[in-house]
Amino acid sequence: MFARLQKADEFGIVLGSAPRLDYARIAGRRDEIVRRMWSGLEGLVSRNKVEFIEGRGRLDGPRAVRVDLNGEDGTRGTGRERLLTADHLVLATGSRVRSLPGLVPDGRRIVTSDDVTTKAELPRSIVVVGAGAVGCEFASMYHDLGVAVTLLEYLSAVVPLEDRDVSRELERSFTRRGIRVMTSARFDPAAVRLTDEGVSFEVGPAGGAREVIRADQLLVATGRAANVEGIGLETTRVEVEGGVVKVDRRMGTAEPGVYAISDLVGGLQLAHVAAHEGFVAVGNLAGQMAEEIDYDSQPRATFTRPQVASIGLTEQQCEERGITFRKGRFPFAANGKAVIVGEAEGFAKVIADASTDAILGVHLIGPAVTELIAEAAVSMSLEATTHEIGESTHPHPTLSEALGEAALAVHARQING
Ligand SMILES: Cc1cc2nc3c(=O)[nH]c(=O)nc-3n(C[C@H](O)[C@H](O)[C@H](O)COP(=O)(O)OP(=O)(O)OC[C@H]3O[C@@H](n4cnc5c(N)ncnc54)[C@H](O)[C@@H]3O)c2cc1C
């Protein structure tokens, strides 16, 4: 910790009797890392002899793409065009922020994740609308940076797609830290007033008392809409269903030879899942493998404090699917390493099939769990049982012991805790 503190200024932390943040420095470091990662990818593309064309593409039938080329300086829509033809196409136009009806982001008072990930200054107060992964990540980060945060969620839980125990633990942790969390929140997005100071509107829990909230900014984090428009899908047999491109488990669309992946097809809308969908699509179109995507074995990571990570089925999904299961839980408070690093909140939870002991889901909340989930991903792809995880030796003292213990706890065999 001391060694890291000596480099604090690199991370935008100005030490002194009352440490403070240099957010412009933090933003500068963020931009520099993005730039480095971007140029690494550009290098990867050119090393692999992939031609990178800057411009806006539009399908012209199932075997051709018409590209409206960018200018040398990056200006769009130069009117210069290039026609590309291919035996196979992979569509990956991604997604954009989906706001609420009547709530129009202006980049100043009503902002989106696109705005806040490029800004170099912090608001004093913010209302985050939507407590999915993105909303919770920003609520957590802003609170840690000293911003007054109110987090509103329409559903009855934060991170509502996660296991319900994890949702409860994250809400408790946020509330303990001083983030104002309102679940089952109801407000009229069209009635949000823009003022010189920011935004103000009336909100309350469903059926409960209403109050006026004021903040410098309102961050819309209510989900993503797939970019299906304006890309010429109508010139093919590709089908759109529920706002996303419809694909089979090999990422094939209704148009033979045309594949679609990533945020465009809905699914989990995560970067590593997008990459995996890419492998599946390319493997199939190149005829190298007949692989199918399995969303139940894709890990999910949420970079809140405490972190959340999961894979497979939640307890509520097991109930919905009528699966008989057993579960084991182990608290980080009983894990030596978590206590050493001073981050002992949260737990590891393992859900297993009651008859086969196969692992159905792993749910983690606590320190560095976005790293720990990789063990669960490998275990699930190897079709491991809880005995196999629990009886594998986990080094001491490490956070990974919590997962081993949770696996043993499925049969009440945990050693500590
Ligand atoms: C705030 C935020 C935080 C996130 N954090 C995480 C995280 O921690 N971990 C994680 O795994 N995922 C995270 N995600 C999700 C992740 O960013 C997406 O799942 C991933 O980027 C999807 O990849 P994609 O290729 O579908 O879309 P994108 O990355 O959006 O790429 C699509 C590209 O296609 C281009 N394009 C669109 N239309 C055309 C066209 N007609 N012609 C040419 N080009 C076009 C776009 O300009 C864009 O560059 C986060 C998302 C958000 C918004």
Side-chain angles (χ1 to χ4, degrees), residues 30 33-34 37-38 41-42 45 51-60 64-70 74 76-78 81-84 89-99 105 111-119 128-142 159 161 219-236 238 243-245 247 251 259-282 293 295 298-305 307-311 369-371 373-374 377:
R30 171 199 67 200
I33 291 173
V34 171
M37 297 294 129
W38 166 256
L41 282 175
E42 255 190 330
V45 165
E51 189 185 2
F52 176 48
I53 303 167
E54 293 191 53
R56 184 169 185 82
R58 189 187 173 92
L59 290 166
D60 189 353
V65 179
R66 223 167 255 290
V67 188
D68 185 2
L69 297 168
N70 287 358
R76 298 177 187 195
T78 56
E81 213 179 65
R82 182 164 160 192
L83 183 69
L84 307 170
L89 296 175
V90 180
L91 309 178
T93 49
S95 64
R96 61 185 182 279
V97 169
R98 185 178 51 209
S99 188
V111 295
T112 68
S113 56
D114 294 349
D115 301 313
V116 298
T117 48
T118 47
K119 274 185 191 296
V128 180
V129 178
V134 169
C136 283
E137 285 174 349
F138 284 114
S140 180
M141 179 198 83
Y142 274 127
V159 284
L161 299 180
L219 169 63
V220 189
T222 44
R224 313 276 304 169
N227 292 326
V228 292
E229 305 87 355
I231 53 172
L233 293 181
E234 65 287 354
T235 66
T236 69
V238 174
V244 300
V245 169
V247 284
M251 311 317 297
Y259 293 75
I261 60 166
S262 61
D263 283 13
L264 183 63
V265 302
L268 290 171
Q269 296 196 319
L270 292 168
H272 51 276
V273 178
H276 193 77
E277 289 167 339
F279 299 148
V280 171
V282 171
I293 189 89
Y295 288 109
Q298 303 297 321
R300 308 170 288 262
T302 303
F303 297 88
T304 39
R305 189 169 68 84
Q307 294 183 352
V308 170
S310 58
I311 187 167
V369 296
T370 54
E371 307 286 338
I373 199 66

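Note that ligands are numbered from 1 as they come in the structure, with each ligand's atoms numbered from 1 the same way. Heavy-atom basis, side chains included; hydrogens, waters and symmetry copies ignored.
The protein residues lying under 4.0 angstrom from ligand 1, judged by non-hydrogen atoms, are Gly55, Arg56, Gly57, Ala92, Thr93, Gly94, Ser113, Val134, Phe138, Arg224, Ile231, Ser262, Asp263, Gln269, Leu270, Ala271, His272, Phe303.
The backbone N or O of Asp114 sits less than 3.5 Å from a side-chain atom of Thr118, completing a donor-acceptor pair. With hydrogens and angles ignored, the 3.5 Å screen pairs a side-chain donor or acceptor of Glu137 with a backbone N or O of Phe303. Without hydrogens or angle criteria, Gln307 side chain to Thr370 main chain gives a donor-acceptor distance under 3.5 Å.
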Distance-only donor-acceptor pairs under 3.5 Å for side chains of residues 92-99, two or more places apart:
| from | atom 1 | to | atom 2 | distance (Å) |
| --- | --- | --- | --- | --- |
| Thr93 | OG1 | Asn227 | O | 2.8 |
| Ser95 | OG | Arg224 | NE | 3.0 |
| Ser95 | OG | Arg224 | NH2 | 3.4 |
| Ser95 | OG | Asp263 | OD2 | 2.8 |
| Arg96 | NH1 | Ala226 | O | 3.3 |
| Arg96 | NH1 | Asn227 | OD1 | 2.8 |
| Arg96 | NH1 | Glu229 | OE1 | 3.2 |
| Arg96 | NH2 | Glu229 | OE1 | 3.4 |
| Arg96 | NH2 | Glu229 | OE2 | 3.1 |
| Arg98 | NH1 | Arg224 | O | 3.4 |
| Ser99 | OG | Leu103 | O | 2.6 |

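Partners of Ala260 by side chain to side chain contact (heavy atoms under 4.5 Å, CB included), not counting sequence neighbours, listed by chain and number: Leu91, Val245, Val247, Thr253, Leu264, Val265. Residues forming a side chain to side chain contact (heavy atoms under 4.5 Å, CB included) with Arg30 (at least two apart in sequence, or on another chain): Tyr23, Ala27.
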